[in-house]
Amino acid sequence: MLNYNLHLHSIYSDGSNKPEEYVKKAIEMGFVSMGFSEHSPLPFNNPFSLKQENVENYINTINQLKQKYSDKIKIFRGLEMDYIPGMSTDFGYWKNKCEAEYLIGSVHLVKPPNIDDLWFTDGPLYETYDQGLNDFFGGDIKLAVKTYYHQMNEMINTQEFDIVGHVDKIKMHNRDRYFKEDEPWYQYLVDECLNLIREKKIIVEINTRGIYKKRYPGLFPDGITLKKVRKLNIPIILSSDAHQPNELNLGFKEAAKKIKEIGFEELMFFKDGQWNQNSINY
Ligand SMILES: [Zn+2]
Ligand SMILES: [Zn+2]
């Protein structure tokens, strides 16, 4: 079914609205469940992640909403964890602190080797991506992308979490300019990462944000990578990575059509703290 979404951001991280406005919209859309996944606190100042001093408010606010709307929708409290080697706190620490029911593990900031800085690969501007590629990796796209996937692999190997967020988002600002998805060196990195995901029994998120924000004309992941996810029989979940209430189900219909065509028959569904498979009906 397409009536739930566990990847969304409210004003507690970098979303635009208060949590209750997402809940009301979700009910209006006929959702059966939803999960808030604010960006986890980081040990440095930044404009996008949950502030440590707001953790208690986040817990209380979601608890109140759970109760208030308990007869209409099931609400979960999660976190989107940022993994940065040597910098981010162990995922379990924030899971406990925020009383999170599930975790999404993502890489948005890549740590370049031997440089005390971070390459921001996400966000709206491809110029930031290009500048980091040049400043931190001397324009070597293979080294830059390899560093991204190795950071992802390190996260999978060392942290406990449920869903890997937008696994191939590194391709977003590339837009086929520096490399093509079918190049063997790139697919080698994808294979390494997907094999690890399968081994650790992690769910792969199919993220629609690139499409509706018009930053990338496809899903994260899409194309060859998405077909490989199917071939490896890795469980998937559909999410829009909403930062506004009206983004809660954007791109879902198109994405469901595509994943069905590729041969996926089921999506993961979260209920009572457990993951189950649900058939894709729409
Ligand atoms: Zn993300
Ligand atoms: Zn997100």
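Read the numbers this way: they start at 1 and go in the same order the structure lists the ligands and their atoms.
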Kindly indicate, with the supporting measurements, whether the criterion ring-ring contact (aromatic ring centres under 6.0 Å, His included) is fulfilled by Phe36 and Tyr12.
CA-CA 9 Å; Phe36 289 88; Tyr12 279 103; 8.6 Å; no
If we count only N and O atoms by modelled type, under 3.5 Å, do the side chains of Asn5 and Ser240 hold a donor and an acceptor together?
yes
Angle subtended at the Zn ion (ligand 2) by Glu80 OE1 and His9 NE2, rounded to 10 degrees:
90°
Kindly give the heavy-atom pair with the smallest separation between Leu189 and Lys146, and that separation in Å.
CD1-CA, 3.7 Å
Is it true that some N/O/S atom of Asp122, main chain or side chain, lies under 2.8 Å from the Zn ion (ligand 1)?
no
With a cut-off of 2.8 Å, does His39 put an N/O/S atom close enough to the Zn ion (ligand 2)?
no
Is it true that, when you exclude Gln274 itself, more than 12 heavy atoms of the residues, nucleotides or ligands shown sit nearer than 6.0 Å to its CD?
no
Tell me, which N, O or S atom in Asp241 is closest to the Zn ion (ligand 2)?
OD1
His7 near the Zn ion (ligand 2) via N/O/S, less than 2.8 Å:
yes
Verify side-chain hydrogen bond (donor to acceptor under 3.5 Å, both in side chains) between Glu247 and His9, making sure each step is shown before the conclusion.
CA-CA 10 Å; Glu247 293 175 349; His9 303 273; over 6 Å; no
